[in-house]
Amino acid sequence: MSEPRWVPWARRFVLGFLALFTLVPLYAMVSSSLKPLGDVQGEWEWIPTTLTIQPFFDIWETIPLAEYFANSLIISGSAAILSVVIAIFAAYALSRFRFRGKNFFKMTVLSTQMFPGILFLLPLFLIFVNIGNTTGIVLYGSRLGLIVTYLTFSLPFAIWMLAGYIDSIPKELDEAAMVDGTGPLGALIRVVIPAAMPGIVAVGIYSFMTAWGEVLFASVMTDSGTRTLAVGLQEYSTQVQVYWNQVMAASLIVSVPVVAGFLLLQRYLVAGLTAGAVK
């Protein structure tokens, strides 16, 4: 049955509207980052009369952006790697083994996604402070504390999605590897992980993006030495001045790692999310 003639036009209209909804703010960001500060603060002009790349140089001097960039890379990268490693073992156990409390563990992992993150802010803060006072391990105001915080957000989803993906991998592959003389750990490393690579990449990207753009916990759990980009961008606004052109330029720089990673790993991300969602 052929679709009505108006359907393709309606589809084009909706897609065109969504494209404008995305591209217009992006154009405003790019054009503002290439304007002098006076032009940005003045009346808005869709076509800039004066173009300059000076804001892209000034952003590194106005605030310690390079330090914040390094903090974000270390924290987000560490959180993503730890999430992937822990989730692989947990998901493999849920998918391949039977043990007491398995269903309860699954329900507990999923139930953590029902609560907003702000509910955990004060408890985590108190836990980190008490751990520091008792053991001397500094978690509050450190990179380690923020990495642990982001693990609490990304791990439940990572375990749930990877468990679904590993369920879609035939168990006969594991059995064939064990017949060749390897154990469960060897089957995981040699067979399951290569077959589950799209799901693993999707989990890694999700964990990295969650940590990269998080603001609430980063603003409370960090100090001037461990501040991340998401919080550091606020320093372009002072009591007497807001450097809007530098804010836009820095925002473009901040988005480069995420956009580049998404474009390079897009096929793995789509395959991983699709398989995990179907299962």
Side-chain angles (χ1 to χ4, degrees), residues 63-91 109-110 112-125 127-128 131-132 137-163 165 197-235 247 250-266 268-270 272-273 276:
I63 67 172
L65 187 64
E67 180 181 350
Y68 299 159
F69 200 95
N71 289 336
S72 291
L73 280 179
I74 294 173
I75 293 172
S76 301
S78 300
I81 293 173
L82 289 174
S83 293
V84 168
V85 172
I86 298 174
I88 286 174
F89 289 99
V109 168
L110 288 177
T112 59
Q113 302 300 294
M114 298 188 304
F115 303 100
I118 194 172
L119 291 180
F120 302 100
L121 180 59
L122 182 57
L124 279 175
F125 173 80
I127 290 172
F128 287 176
I131 289 176
I137 300 175
V138 180
L139 293 177
Y140 173 72
S142 67
R143 294 171 178 171
L144 177 60
L146 204 56
I147 292 172
V148 173
T149 300
Y150 292 153
L151 281 176
T152 63
F153 301 146
S154 59
L155 261 182
F157 176 81
I159 294 173
W160 173 76
M161 195 179 78
L162 272 185
Y165 197 96
M197 191 54 65
I200 294 173
V201 172
V203 166
I205 294 176
Y206 167 81
S207 301
F208 184 88
M209 293 178 63
T210 300
W212 185 263
E214 202 279 327
V215 176
L216 176 62
F217 284 83
S219 62
V220 175
M221 298 294 188
T222 59
D223 54 25
S224 58
T226 58
R227 195 162 294 157
T228 61
L229 282 171
V231 180
L233 292 180
Q234 301 176 7
E235 296 184 11
V247 171
S251 300
L252 290 174
I253 298 297
V254 168
S255 63
V256 168
V258 176
V259 174
F262 178 82
L263 293 177
L264 291 174
L265 304 173
Q266 181 180 9
Y268 293 105
L269 180 64
V270 174
L273 290 177

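The chain is numbered in sequence order, starting from 1. Heavy-atom basis, side chains included; hydrogens, waters and symmetry copies ignored. Only a predicted model underlies this, so the values are computations on that prediction, with no experimental measurement involved.
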Margin query: Can you list everything that forms a side chain to side chain contact (heavy atoms under 4.5 Å, CB included) with Val84? Sequence neighbours excluded, please.
Written below: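 Val84 satisfies side chain to side chain contact (heavy atoms under 4.5 Å, CB included) with Ile88, Ile200, Val203 only.
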Next item on the list: List for me each residue that meets side chain to side chain contact (heavy atoms under 4.5 Å, CB included) alongside Val138, sequence neighbours excluded, and say none if there are none.
Entry: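 Partners of Val138 under the side chain to side chain contact (heavy atoms under 4.5 Å, CB included) test: Ser142.
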Check: Given Leu216 and Leu121, is the side chain to side chain contact (heavy atoms under 4.5 Å, CB included) satisfied, shown in steps?
Finding: CA-CA 8 Å; Leu216 176 62; Leu121 180 59; 4.1 Å; yes
State the [atom1]-[atom2] distance between [X] and [Y], to the nearest 0.5 angstrom.
X	Y	atom1	atom2	value
Met221	Leu124	CE	CG	5.0 Å
Thr222	Ile75	OG1	CD1	7.5 Å
Thr152	Ile147	OG1	CD1	12.5 Å
Ile63	Leu233	CD1	CG	6.0 Å
Ile159	Ile86	CD1	CD1	8.0 Å
Leu151	Thr210	CG	OG1	11.0 Å

Please report the closest heavy-atom contact between [X] and [Y], naming both atoms and the distance.
X	Y	value
Val215	Gln234	CG1-NE2, 4.1 Å
Gly199	Met161	O-CE, 3.7 Å
Ala211	Ala79	CB-CB, 4.5 Å
Leu119	Pro123	O-CD, 3.3 Å
Thr149	Gly145	OG1-O, 2.8 Å
Val109	Pro156	CG1-O, 3.3 Å

Checklist line | side-chain hydrogen bond (donor to acceptor under 3.5 Å, both in side chains) contacts in which one or both residues fall within residues 73-83, not counting sequence neighbours | finding: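 Every side-chain hydrogen bond (donor to acceptor under 3.5 Å, both in side chains) pair that includes a residue of residues 73-83, provided the two are not neighbours, is Ser83-Ser154.
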Notebook entry, point to check: Got a sec, which pairs hit side-chain hydrogen bond (donor to acceptor under 3.5 Å, both in side chains) with one end in residues 115-125, sequence neighbours left out?
Noted result: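 Checked against side-chain hydrogen bond (donor to acceptor under 3.5 Å, both in side chains) - neighbours excluded - no pair reaches residues 115-125.
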Notebook entry, point to check: Does Arg227 have any salt bridge (charged side-chain N to carboxylate O under 4.0 Å, His left out) partners at least two apart in sequence or in another chain, and if so, which?
Noted result: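 Arg227 satisfies salt bridge (charged side-chain N to carboxylate O under 4.0 Å, His left out) with Glu235 only.
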Notebook entry, point to check: Is the distance between the ring centroids of Tyr68 and Trp212 less than 6.0 Å?
Noted result: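 Not close enough - the centres of the two rings lie 6.0 Å or further apart.
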Notebook entry, point to check: For Tyr140, which residues count as a ring-ring contact (aromatic ring centres under 6.0 Å, His included) partner, sequence neighbours excluded?
Noted result: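 Partners of Tyr140 by the ring-ring contact (aromatic ring centres under 6.0 Å, His included) criterion, ordered by chain and then number, come out as Phe125.
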Margin query: Determine whether Thr228 and Glu214 satisfy the following criterion, side chain to side chain contact (heavy atoms under 4.5 Å, CB included), listing intermediate values before the conclusion.
Written below: CA-CA 9 Å; Thr228 61; Glu214 202 279 327; over 6 Å; no
Item checked: Flag if over 12 foreign heavy atoms under 6.0 Å of CD1, Ile118 ->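 No - once you tally the heavy atoms of other residues, nucleotides and ligands closer than 6.0 Å, there are 12 at most.
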Any side-chain to backbone donor/acceptor pair from [X] onto [Y]? Under 3.5 Å, distance only.
X	Y	result
Asn71	Ile74	no
Ser255	Leu252	yes
Ser207	Gly204	no

